[in-house]
Amino acid sequence: MTLALLSCVKDPVSDLAKSCKRIIVYVTSTEGPCLITEKLKRWERKKCKPNSLPVLHKMHVKLGDTVKVISGHDKGKIGEITEIITHNSKVVVKEVNLKTKHVKSRSEDEPGQIVKIEVPIHSSNVMLYSKEQKVASRVGHKTLDNGKKVRYLIKTAEIIDSAENWKKINDEEKTTEAVAAAS
């Protein structure tokens with residue numbers, strides 16, 4: 001029997017808390033239930049925190065941002081982010097990375113179809129894009145005078161998070177320059 005070769009783990013919870021490299025499998029034998037730990041493959045593992053939860057990396061893009069693809073077969077295309085997948089740091093960009101999917105008919109009346117779908121790409125393959133200046137740039141973070149933290153494009157100093165704040169700041173700078181020039 002194969003059960004004779006498998007070994008039981010006395011305290012699997014402490015082993016699991018130390019690393020997330022193992023999964024627990026319950027096996028029933030003639031002697032009773034037995035816990036077995038099985039090692040995951042290297043490509044299946046995720047970096048984990050001490051409490052065994054996976055580490056989620058913070059992404060530099062948000063839903064609705066305009067981005068430019070900087071690598072891959074769609075390099076140079078510009079689109080808007082429609083979906084974010086946080087657990088593997090991927091994003092879905094509108095009209096970018098299109099794949100064909102063959103859909104089977106669900107009923108006899110309905111014919112089968114060939115549909116183009118947008119497939120996720122890794123967030124490191126996209127860069128924020130300024131529509132006004134038509135340039136891609138890295139993102140920076142700064143705090144406004146009112147204490148609000150915003151994201152901005154480093155090359156153009158354009159605030160991404162809200163256009164209203166950007167317009168208010170430009171108007172305030174112009175009025176302070178006009179007052180300084182008048183005095």
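Just so you know, these numbers use all the heavy atoms, side chains as well, and skip hydrogens, waters and symmetry mates.
Cluster annotation: Val135 and Val139 are assigned to distinct hydrophobic clusters (Ile/Leu/Val/Met/Phe/Trp/Tyr, side-chain heavy-atom contacts under 4.5 Å, transitive).
Judged as a salt bridge (charged side-chain N to carboxylate O under 4.0 Å, His left out), and not counting sequence neighbours, the contacts of Lys77 are Asp74. Residues that satisfy the side chain to side chain donor-acceptor pair (under 3.5 Å) test with Ser71, not counting sequence neighbours, are Asn125. In this structure Thr82 satisfies the side chain to side chain donor-acceptor pair (under 3.5 Å) test with no other residue, sequence neighbours excluded. When the side chain to side chain contact (heavy atoms under 4.5 Å, CB included) test is applied to Glu108, no partner is found at least two apart in sequence or on another chain. Scored by the side chain to side chain donor-acceptor pair (under 3.5 Å) test, Ser130 finds Glu158 as partners (sequence neighbours excluded). Taking the side chain to side chain contact (heavy atoms under 4.5 Å, CB included) definition, one finds that Ser105 meets it with nothing, sequence neighbours left out.
With a 4.5 Å cut-off between side-chain heavy atoms of Ile, Leu, Val, Met, Phe, Trp and Tyr, the cluster of Val92 takes in none. Hydrophobic clustering, defined by side-chain heavy atoms of Ile, Leu, Val, Met, Phe, Trp and Tyr closer than 4.5 Å, groups Val115 together with Val103, Ile117, Val119. If you chain together ILVMFWY residues whose side-chain heavy atoms come under 4.5 Å of each other, Ile70 ends up grouped with Met127. Ile78 shares a hydrophobic cluster with Tyr129; the chain of contacts runs through ILVMFWY side chains whose heavy atoms sit under 4.5 Å apart.
Closest of all the heavy-atom pairs between Glu118 and Leu98 is CG-CD2, 3.5 Å. Of all non-hydrogen atoms in Lys134 and Lys131, the two that sit nearest each other are CG-O, 3.5 Å.
The shortest side-chain heavy-atom distance between Val61 and Leu128 falls under the 4.5 Å cut-off.
Within the structure, side chain to side chain donor-acceptor pair (under 3.5 Å) pairs that include any residue of residues 93-103 do not occur (at least two apart or interchain). Pairs engaging residues 58-68 under the salt bridge (charged side-chain N to carboxylate O under 4.0 Å, His left out) rule: Asp65-Arg151 [sequence neighbours left out].
With His60 contributing its side chain and Val126 its backbone, the two residues share a donor-acceptor pair below 3.5 Å. No donor-acceptor distance shorter than 3.5 angstrom exists from the side chain of Ser123 to the backbone of Val91, with no hydrogens or angles considered.
For the atom pair Ser89 OG and Ile121 CD1, the distance stands at 12.5 Å (nearest 0.5 Å). Within the model, atoms NE2 of His141 and CD1 of Ile154 stand 8.5 Å from one another, a figure rounded to the nearest 0.5 Å. Distance check: Lys155 NZ to Arg138 CZ gives 9.0 Å after rounding to the nearest 0.5 Å.
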